[in-house]
Amino acid sequence: MVFRKLPGVSASGMGLRLSQKFVFLLFLSGLVTLCFGALFFLPDSVRLKRIFLSKTESQPVTVGSGSENDAREHSKRPKDQEHAPRGMTSAKGETSTKLRSLSRKPSVSHEATEERLAGGKAQEDLTLPRSRAESASERATPSEHGANPDTYSYEKFRGCLLKPPLGRDSGRPSDPKTNERREKVKEMMKFAWDNYKRYAWGKNELRPLTRNGHIGNMFGGLRGASIIDSLDTLYIMGLMDEYNDAKEWVQTSLDLNSNGEASLFEVNIRYVGGLLSAYYLTGEEMFKKKAVELGEKLLPAFNTPTGIPRGVINLGSGTSWSWGWASAGSSILAEFGTLHLEFVHLTELSSNPIYTEKVMNIRKLLNRIEKPHGLYPNFLSPVSGNWVQHHVSIGGLGDSFYEYLIKSYLMSDKTDDDAKKMYYSALEAIEANLVQKSPGGLTYLAEWRGGILDHKMGHLACFSGGMIGIGADDGAPEKRQHYLDLAAEITHTCHESYTRSATKLGPEAFRFDSGAEATATRLSDRYYILRPEVIESYMYMWRLTHDPKYREWGWEAVEALEEHCRVEAGFSGIRDVYTMTVSHDNMQQSFFLSETLKYLYLLFSDDDLLPLEDWVFNTEAHPLPTIRTGCLQDKATQDKTVSE
Ligand code: DMJ
């Protein structure tokens, strides 16, 4: 390079200027390099990174970056923990096969980013070779398994039910007072639905105060969570115009080709579960097809050395990783343990064994590994297959795993003996280690941290009254009455947590220490987000005992919901159940429509509406039928004989 002398500047002066310029340029280029480098360490949702790194991205979706309500949305996530990591996005509409192959080797930058955000270990095995059997079984199409998704016979299934799903008269109770109460619940559903439709149609949830929609970050870019979650509730309530609107939306607007980051658990219980039950109740083929299509998109989450799925999956690329807040890249018991019912039904409908294989593999591993005092800790490494921490809870992080054991047994027409054994031995361990009696005589389920009890019970744990109730009859004969009593005691305690608040709604968690008896002692535990678990237990206990107190308790909840949670444009959670001047959280959760209102409606209906001999409810209250393999096979043989 030739430097020309500038007029009025000496040679040495010019040399100095040049070297200053050189240093300045060097500094500038260093700065630019640093800035680009830093992009790799920014979360994916950051606009700059999206511009530079993802040319094809169509919709930014972040996991765990949202509001207070977003954090609550994930029922199992402890509120005080770090948000889940963000992941990569890719072009909407690319075929899943193509994207899945990409997922086997995520870009180094992405992997590094996720690893940092997830606390180091979340991505540890994404590039490890998978077993041949695993890869082969994932690739195999239904027809390679000798299966044909179009051969499932809805008629045969209906022929194998013991009773009509909607009963004699859609469950209408003969007692006028009960019927009036049931009508009130139906009106609440219509009100919640109409407002969702008016202000948030197609979004995931309604924000009733601001009158707009909420998308959130748990469903991987999928939309319409409230629609999918409401299909069966609308149908059983006979709200047929509303059901038809919902069905039409699913048909025309439910786009399964999203490519955001989803909670495997939430998509499974709400979307897969909702579509499955809509199919079984109505026979609409479209629901079945969508359920199976979506189920297929969840399969890559199982590509781990142990087959224990990770909690978060990018529905487009198939890349999966663990929640950033989950200890050492672990998977959560209540998440990987709450797939069984839906996945068995996916196999049933598609004739593709892969879904059942995936969940049976989870069960095998859980059966094999050592359990401290017979208990199942909440965190398990999908890499080593070992427990990561010894925290045991029947509330958040553990809850629906236990529920799915007994329900798997019941849904198998009581043939799944492994599920039965696992359930009753888990229950024994729970009784021996967690069941406590308070000084005031209330029975509760404490949490267990490496042998030390935390005398706290979450609202989520209140489902266990119903669970222990429905399992009572299949326990050892000498234990049956005891289990029913235990179920009633737990349900009573949960009811107490409601009656001890000013609003007569229950807090998120209540304690039994420092003088507390079923009350929240921390400000952060005082909220109520329209959760169903306590009412769920009332419904089961009513069906099992017909003790009128459960209907009365349900009615108390209706009155409290009407008084404190109903606002002009829907229902909202509240921030503090102990104060009468309520502050609303501006969120009508989709589970309010799928669970809370459905369980209330069933509570005030006759038992022949969705009879428990024929139906089990998934953890989002979507009814799935008992699978009567013998009956289905007999019918198939009869058909064959007739046609020959
Ligand atoms: C629902 O999504 C399901 O019941 C889940 O199992 C737990 N949390 C919510 C309702 O509280």
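Just so it is clear, the values below take in all heavy atoms, side chains as well, and ignore hydrogens, waters and symmetry mates. Numbers here are sequence positions counted from 1.
Under the 3.5 Å distance criterion, with hydrogens and angles disregarded, no donor-acceptor pair is assigned to the side chains of Ser572 and Asn586. Checking Glu508 against His459 by side-chain atom types alone, no donor-acceptor pair falls below 3.5 Å. Under the 3.5 Å distance criterion, with hydrogens and angles disregarded, a donor-acceptor pair is assigned to the side chains of Asp232 and His622. Tyr196 and Glu242 are not linked by any side-chain donor-acceptor pair at a separation below 3.5 angstrom, with hydrogens and angles left out of the test. With no hydrogens or angles considered, a side-chain donor-acceptor pair links Glu556 and His495 at under 3.5 Å. Side-chain contact check for Asn314 and Ser320: no donor-acceptor pair (N or O, by modelled atom type) lies under 3.5 Å. At a cut-off of 3.5 Å, with distance as the only test, no side-chain donor of Glu205 or Ser226 sits close to an acceptor on the other residue. No hydrogens or angles considered: a donor-acceptor pair under 3.5 Å links the side chains of Tyr280 and His345. If you check the side chains of Glu342 and Asn618, you find a donor sitting under 3.5 Å from an acceptor. Side chains of Glu335 and Trp323: a donor on one and an acceptor on the other come within 3.5 Å. Side-chain contact of Arg511 with Thr519: a donor-acceptor pair under 3.5 Å is absent, judged by distance alone.
Here the closest non-hydrogen pair linking Leu505 and Ala557 is CD2-O, 4.4 Å. Looking at every heavy atom in both residues, Ala192 comes nearest to Leu597 through CB-CD1, 4.5 Å. Closest approach of Gly202 and Ile227 over heavy atoms only: N-CD1, 4.1 Å. Of all the heavy atoms in Arg526 and Ala520, the pair that sits closest is CG-CB, 4.1 Å.
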### Task
Could you walk me through whether Val292 and Tyr279 pass side-chain contact (heavy atoms from CB on, under 4.5 Å), step by step?
CA-CA 11 Å; Val292 175; Tyr279 170 68; over 6 Å; no
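Other residues, nucleotides and ligands contribute over 12 non-hydrogen atoms within 6.0 Å of the CD atom of Glu559. Other residues, nucleotides and ligands contribute more than 12 heavy atoms inside 6.0 Å of the NZ atom of Lys184. Within 6.0 Å of CD on Glu248 lie no more than 12 heavy atoms contributed by other residues, nucleotides or ligands.
A cation-pi arrangement, defined by a distance under 6.0 Å to the six-membered ring centre and an angle within 45 degrees of its axis, is present between Arg566 and Phe191.
Under the 4.0 Å criterion applied to side-chain N and carboxylate O atoms, Lys290 and Glu293 are not assigned as salt-bridge partners. Between Glu284 and Lys289 there is no salt bridge, since no side-chain nitrogen of the basic residue lies less than 4.0 Å from a carboxylate oxygen of the acidic one. One finds no salt bridge joining Arg223 and Asp255 here, because no Lys/Arg side-chain nitrogen approaches an Asp/Glu carboxylate oxygen to under 4.0 Å.
Ring centroids of Trp193 and Trp201 are separated by less than 6.0 Å, placing the two rings close together. Checked against the 6.0 Å centroid criterion, the rings of Phe219 and Tyr271 qualify as a close aromatic pair. A centroid separation of less than 6.0 Å is found between the aromatic rings of Phe302 and Phe343.
In this structure Tyr402 satisfies the side chain to side chain donor-acceptor pair (under 3.5 Å) test with no other residue, sequence neighbours excluded. Listed by chain and number, the residues in a side chain to side chain donor-acceptor pair (under 3.5 Å) with Asp525 amount to none (sequence neighbours excluded).
Contact of the Thr319 side chain with the Val312 side chain is not registered, since no non-hydrogen atoms from C-beta on lie closer than 4.5 Å.
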